[in-house]
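As the structure lists them, so they are numbered: ligands from 1, and atoms in each ligand from 1.
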Amino acid sequence: MKFSNMLIPTLKEAPKDAVLPSHIYLVRGGFIYQVASGIYDFLPLGKRVLDKVRAIVKEELDTAGCQEVQLGLVTPAELWKKSGRYEKYGAELLRFEDRKGNEFVLGPTHEEMMVEMVKQFVGSYKQLPMNLYQINLKFRDEARPRFGLMRGREFIMKDGYSFHADQEDMVREFELMEATYRKIFTRMGLDFRVVEADSGAIGGEGSKEFMVLADSGEDTIVVCEGCDYGANIEAAVRKAPEAPAEAPEAELNRFRTPGIKSIEELSKFFSVDPYYLVKAVAKKALYDGGKSEIVIFYLRGSDELQEVKAANAVGANELEDASEEELRAAGLTPGFMGPIELIRNAGVIEGAPTFREEAAHPNVRQVFDENLKNADHMICGANEEDYHLVGCDLSVLKDVTFKDIAQTQEGDACARCGGRLHYTKGIEVGHIFQLGTRYSEPLEATFLDANGKRKPFEMGTYGIGVSRLLAAIIEQHHDEKGCVWPAPVAPFEAVVVIGNVKDQQQKEAGEKIYDALKEAGVDVLLDDRSERFGFKMKDFELIGFPCAVVVGKKLADGVVEVIERSTLEREDVAIERAVDAVKAKLA
Ligand code: ATP
Ligand code: MG
């Protein structure tokens with residue numbers, strides 16, 4: 001390929017809204033072009049990278065025994081209604097009607113469609129297992145499309161779905177996919193971590209994310225300094241924190257705490273470590289079908305609520321902040337909320353100051369963090385303006401729900417090895433998930449097992465953000481001048497730059513080296529533009545081909561320059577050795 005013939009519109013200026021290096025360099029390097037918010041065209045160089053990324057994904061999946069298919073982007077709404085996701089998916093799902101009034105959605109993911117297809121053609125255990133995937137467009141009407149290819153509305157995903165006769169076989173495939181994904185991301189030159197992820201109601205270790213480590217990542221991941229434990233903060237667990245030495249021992253009683261509402265104020269007021277305070281966080285939990293309720297989540301004052309864990313704990317789709325009016329309407333006293341059972345007990349203490357009866361009786365769902373199990377000597381709200389309870393023993397609570405709803409903090413101890421946990425940032429490029437029968441059951445996708453019994457398929461689902469990978473690669477591989485593509489995914493492996501195309505000798509020598517490199521199997525571009533030399537070198541640095549051969553003034557001595565993009569080191573090489581030198585750099 002000749003640069004002069006290609007559409008490579010490199011730019012001096014970055015788009016105004018671009019903050020991440022990947023966004024800036026992919027636009028400035030002429031890889032992508034923004035059509036609308038979150039919608040990008042791939043220009044020739046971008047398409048070449050995309051194809052290389054795609055090819056690596058395909059090669060490894062095919063080696064692992066997966067089969068490629070291609071499903072439509074437009075999918076019938078009926079299937080989404082059947083699976084229960086038509087409403088649940090919320091505003092990210094783009095719904096529309098055709099001219100006859102039939103309802104459709106643009107596929108944000110394809111569980112429903114793949115299950116429907118397999119249901120038509122697979123009916124016996126003898127046809128299992130089966131793993132089908134596609135590398136295709138997705139559409140999600142994201143609330144905040146941003147960072148270029150990182151979070152688009154239209155984007156390219158590899159989505160795979162596996163079908164099994166039993167759970168054991170599904171777990172085997174899940175592990176095979178983990179190993180396959182590791183190979184894929186390693187081949188792309190990425191530094192990544194495989195972490196435990198939120199798996200909603202399913203729980204356990206049935207969901208893992210592949211995180212490319214980068215400060216710009218939108219996900220916080222918790223990693224252990226002592227072992228290889230890693231988890232998304234939404235799913236991270238820890239060893240129960242140690243109790244500070246001094247517990248505020250007291251008889252259960254009400255205590256006047258005028259205007260003392262926050263954990264900080266309370267801790268100061270009583271001179272007590274927040275560990276011994278009960279933090280009450282009231283949220284509005286949103287469920288299917290537009291239902292909602294107020295839930296109080298209780299934690300130690302030294303902990304923060306993890307909202308994804310908390311939503312899972314009550315089976316809600318989402319949690320929203322509750323307003324003061326909503327809390328009061330539910331019989332709660334903002335700033336002074338506390339475990340209602342205890343307040344009832346405290347209410348009957350003899351000789352205690354007068355008690356507002358109704359404070360003890362709001363009928364609200366309550367969830368306690370598991371770290372409050374059997375907690376003693378606690379201080380909590382009395383659900384009455386300006387009052388707290390001291391000397392609370394939570395072990396007297398009966399029939400209450402304890403769940404892990406606290407956020408793991410930096411410095412907490414690893415549940416596995418006791419090592420120190422710390423935070424780091426990651427870009428999610430892949431997600432593998434043990435689905436079980438979540439879709440096969442409602443969509444009535446069944447097969448006959450070895451005993452002639454009809455059963456729903458056990459399923460796994462596996463995603464890779466193919467277009468997001470271009471951004472993730474650049475987040476890890478760039479410098480202040482531009483992209484530094486790892487050779488396996490570079491738009492071209494090398495560029496031959498003719499210093500001055502008006503110089504016939506340079507032109508001929510450049511073309512000769514270009515031909516020889518092609519012959520040797522190097523994916524090479526010839527920069528034959530009649531631009532200034534400096535301009536062409538700036539483009540080389542911005543676009544980030546792994547290697548350049550510069551045919552310039554030294555040609556008179558039979559010498560060309562070979563430059564490695566990652567180090568920008570220059571080496572004088574005899575013209576006949578140019579091909580070997582490039583191959584050595586690429587190896
Ligand atoms: P995120 O938490 O980043 O929104 P997700 O959990 O919604 O991701 P999945 O539904 O698991 O993502 O999709 C599989 C993969 O597709 C993700 O791991 C990610 O790499 C990619 N992906 C998801 N949303 C987008 C998007 N808006 N733009 C580009 N890639 C995306
Ligand atoms: Mg998402």
Side-chain angles (χ1 to χ4, degrees), residues 20 22-23 26 32 34 36-40 42 46 50 53-54 57 61 73 85 88-94 106-114 133-161 174 177-178 181 184-185 188 190 192-200 202 206-214 216-221 231-235 307-308 311-312 317-318 425-435 438-439 459-476:
L20 295 193
S22 61
H23 187 183
L26 287 174
I32 56 170
Q34 184 173 4
S37 168
I39 302 178
Y40 286 86
F42 288 83
L50 189 65
V53 166
R54 207 186 241 272
V57 172
L61 289 173
L73 172 63
R85 283 210 289 186
K88 205 179 197 118
Y89 219 99
E92 274 187 30
L93 194 66
L94 189 65
L106 285 187
T109 172
H110 281 73
E111 279 82 4
E112 284 82 353
M113 275 54 65
M114 198 68 93
Y133 74 94
Q134 59 170 342
I135 300 173
N136 208 348
L137 277 182
K138 296 280 179 267
F139 190 92
R140 294 181 183 178
D141 203 355
E142 296 270 357
R144 288 170 58 218
R146 60 194 181 277
F147 308 142
L149 296 182
M150 202 73 92
R151 184 167 300 281
R153 292 197 295 164
E154 186 181 86
F155 60 98
I156 298 167
M157 197 203 284
K158 170 262 153 177
D159 48 326
Y161 309 86
F174 180 82
M177 285 301 108
E178 177 178 341
Y181 276 34
I184 289 170
F185 299 130
M188 292 175 190
L190 288 168
F192 63 94
R193 271 246 184 183
V194 186
V195 304
E196 283 169 24
D198 163 44
S199 43
I202 295 172
S207 168
K208 289 187 178 174
E209 285 166 344
F210 293 75
M211 293 286 184
V212 168
L213 303 180
S216 58
E218 290 186 271
D219 284 274
T220 300
I221 53 184
N232 192 308
I233 193 147
E234 296 172 350
E307 288 208 13
V308 174
N312 289 341
N317 296 333
E318 216 182 313
K425 289 283 180 187
I427 301 166
E428 182 193 325
V429 292
H431 192 176
I432 57 176
F433 203 107
Q434 299 180 17
L435 270 183
R438 161 71 184 85
Y439 294 94
M459 287 180 61
T461 172
Y462 320 95
I464 293 181
V466 174
S467 50
R468 178 181 286 182
L469 271 168
L470 272 65
I473 291 168
I474 294 305
E475 285 304 312
Q476 270 189 355

[X]: numbered ligand 1 atoms lying under 4.0 Å from its heavy atoms:
{"X": "G430", "answer": "18 (O)"}
{"X": "L149", "answer": "29 (C)"}
{"X": "H431", "answer": "11 (O)"}
{"X": "V429", "answer": "18 (O), 20 (O)"}
{"X": "E142", "answer": "24 (N), 26 (C), 27 (N)"}

Over 60° means perpendicular and under 30° means parallel, so classify the ring planes of F192 and F210, tilted if in between.
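Because their plane-to-plane angle lies in the 30° to 60° range, the rings of F210 and F192 count as tilted.
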side-chain contact (heavy atoms from CB on, under 4.5 Å), paired with V466, selected from N136, L149, I135:
I135
side-chain contact (heavy atoms from CB on, under 4.5 Å) with R140: which of L93, L106, T109, L94?
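The residue from L93, L106, T109, L94 that satisfies side-chain contact (heavy atoms from CB on, under 4.5 Å) with R140 turns out to be T109.
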With sequence neighbours left out, what residues match F147 under ring-ring contact (aromatic ring centres under 6.0 Å, His included)?
none
To which of [options] does the heavy atom nearest [atom] belong?
{"atom": "atom 25 (C) of ligand 1", "options": "R151, E218, R468", "value": "R468"}
{"atom": "atom 12 (O) of ligand 1", "options": "E209, R140, M211, E92", "value": "R140"}
{"atom": "atom 29 (C) of ligand 1", "options": "E154, R153, M150", "value": "M150"}
{"atom": "atom 21 (C) of ligand 1", "options": "G465, G217, P108", "value": "G465"}

Between D219 and N232, does a side chain to side chain donor-acceptor pair (under 3.5 Å) hold up when you go through it step by step?
CA-CA 7 Å; D219 284 274; N232 192 308; 3.2 Å; yes
When K425, R468, R146 are each screened for salt bridge (charged side-chain N to carboxylate O under 4.0 Å, His left out) with E218, the one that passes is R146
Does G152 have a heavy atom less than 4.0 Å from any atom of ligand 1?
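Per 4.0 Å heavy-atom rule, G152 contacts ligand 1.
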Identify whether the distance between the nearest side-chain nitrogen and carboxylate oxygen of R85 and E111 falls below 4.0 Å.
yes
Looking only at distances, please establish whether an N/O atom of ligand 1 is found under 3.5 Å from an N/O atom of M157.
no
With sequence neighbours left out, write down each residue that passes side chain to side chain donor-acceptor pair (under 3.5 Å) with E307, or none if nothing qualifies.
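If we apply the side chain to side chain donor-acceptor pair (under 3.5 Å) test to E307, skipping adjacent residues, the hits are K283.
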